[in-house]
Amino acid sequence: MADLDGVKDSKEFHTGVPQQAADFFLKGSSHYDWGLKNRLSRIFDPQSGNTVMLAFDHGYFQGPTTGLERIDLSIVPLIPWADTLMLTRGVLRSLIPPASRPSIVLRASGGPSILKELSNEEIALDIEDAVRLNAAALAVQVFVGGEHETKSIHNLTRLVDQGLRYGIATLAVTAVGKDMVRDAKYFRLATRICAELGAQYVKTYYVEEGFETVTSCCPVPIVIAGGKKLPELDALTMAYNAIQRGANGGDMGRNIFQSDAPIAMLQAVRAIVHGGETAARAFEMYNTLKNEA
Ligand code: R5P
């Protein structure tokens, strides 16, 4: 039987202690609702403020690209070292163990293959399915300056509206057309448009000159794409420089899964993104782990 008197006596009202409102750690995200903040906290580590996303959604327009021929063999073993998996719902349902710990960012746009005009995408996912799959964010390609610029931006704004209804974030991915210059001026324009139109975070490419101006004038977090496979030290140097210049992490694919030692590479990237290691020390770590494997 409950000890009612005891319960009364043990009450502590702390009348002299003002209640503190916990601040939110992520750039530009303090005014969101609880569910959205919670999902963002499963993408971005509240300790470091950064994320290591593993991107392997390339098949949605490229088919079985190098390293992704057998996702069950090449990617599933990497899952424990990623904060977030960025993938299509087809691969999620068919190949990814539901007990996996990383948060899920679902590819939500699609349509054209590499044989057609890539900017001609539509939204390719119903928000209800994203809820069913426990997605933390939806990823949409935005083609600023591309042939179907307006349509891709409309895809972004529709996803933002749908995501806000359920507290699911939208990741805008700045896609650069073949004939466009990849420089800080372009990425300032593209990332800022994505943020202004409601994306909760933006993925873009790292540029050596002026990257800090891209991150500084984008009011929400920026993560970098890895891009084409580079030698491991170069990829780690890019990750280090991006973090130093204001990125909140990376969403890397080919530089991880096309590496000779993908698990070692993922751990080395983590050391930079979460541990503040230099590229040189992370590369040493990569070599040690690679030789141990
Ligand atoms: C490409 O559009 C996909 O969204 C990839 O997720 C993205 O390019 C990142 O992968 P990677 O590091 O291989 O460039």
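First listed ligand is number 1; within each ligand, the first listed atom is number 1.
- In the vicinity of Arg254, heavy-atom distances shorter than 4.0 Å reach the ligand 1 atoms 11 (P), 12 (O), 13 (O), 14 (O).
- By the 4.0 Å heavy-atom criterion, Val173 is excluded from the residues contacting ligand 1.
- Close approach of ligand 1 to Gln141 is summarised as follows: ligand atoms under 4.0 Å from at least one heavy atom of the residue are 2 (O).
- Under 4.0 Å from ligand 1, not a single heavy atom of Asn255 appears.
- The nearest heavy-atom contact from the protein to atom 10 (O) of ligand 1 is His58 NE2, 3.1 Å.
- A single hydrophobic cluster is seen to contain both Leu95 and Leu106, as judged by linkage of ILVMFWY side chains at heavy-atom distances under 4.5 Å, directly or through other members.
- Any N or O atom pair closer than 3.5 Å counts here, and Phe61 shares no such pair with ligand 1.
- A donor and an acceptor atom, one from each side chain of Thr204 and Thr174, are located under 3.5 Å apart.
- A continuous path of hydrophobic side-chain contacts links Ile114 to Phe143 [ILVMFWY only; heavy atoms under 4.5 Å].
- Heavy-atom contacts of Asp251 reach the following atoms of ligand 1: 9 (C), 12 (O) (cutoff under 4.0 Å).
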Practice task
Evaluate the salt bridge (Lys or Arg N to Asp or Glu O under 4.0 Å) criterion for residues Lys116 and Glu121: first the C-alpha distance (whole Å), next the side-chain angles of each, then the deciding distance (0.1 Å), finally the verdict.
Solution key: CA-CA 11 Å; Lys116 297 276 188 173; Glu121 287 194 344; over 6 Å; no

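- Both Met238 and Val207 are assigned to one and the same hydrophobic cluster, defined by single-linkage of ILVMFWY side chains at heavy-atom distances under 4.5 Å.
- The residue among Tyr60, Phe257, Tyr205 with a heavy atom at the shortest distance from atom 8 (O) of ligand 1 is Tyr205.
- Salt-bridge formation is not detected for the pair Asp161/Arg158: no Lys NZ or Arg NE/NH1/NH2 atom is positioned less than 4.0 Å from an Asp or Glu carboxylate oxygen.
- Of the polar atoms of Gly227, at least one N or O is found under 3.5 Å from an N or O of ligand 1, judged by distance alone.
- The backbone N or O of Gly226 lies less than 3.5 Å from no partner atom in the side chain of Asp251, so there is not a single donor-acceptor pair.
- Taking only nitrogen or oxygen atoms, main chain and side chain alike, Gly226 reaches within less than 3.5 Å of ligand 1.
- Judged by the shortest distance from any of its heavy atoms, Arg107 lies inside the 4.0 Å radius around the atoms of ligand 1.
- The Ala55 neighbourhood of ligand 1 comprises atoms 6 (O), 9 (C), 10 (O), with distances under 4.0 Å to a heavy atom of that residue.
- The shortest side-chain heavy-atom distance between Gln200 and Leu164 falls under the 4.5 Å cut-off.
- Without hydrogens or angle criteria, Arg107 side chain to His58 main chain gives no donor-acceptor distance under 3.5 Å.
- Contacts between Lys228 and ligand 1 below 4.0 angstrom, taking non-hydrogen atoms only, are absent altogether.
- Under 3.5 Å, the side chains of Ser103 and Arg39 contain no donor-acceptor pair of N or O atoms.
- Atom 12 (O) of ligand 1 has Gly253 N, 2.8 Å as its closest protein atom, hydrogens excluded (heavy atom only).
- If you check which protein heavy atom lies closest to atom 5 (C) of ligand 1, you get Asp57 OD1, 3.2 Å.
- Against a heavy-atom cut-off of under 4.0 Å, Met252 is close to the following atoms of ligand 1: 12 (O).
- Just one of Glu232, Lys290, Arg254 meets the side chain to side chain donor-acceptor pair (under 3.5 Å) condition when paired with Ser259; it is Glu232.
- The shortest contact between atom 9 (C) of ligand 1 and any protein heavy atom is with Lys203 NZ, 3.1 Å.
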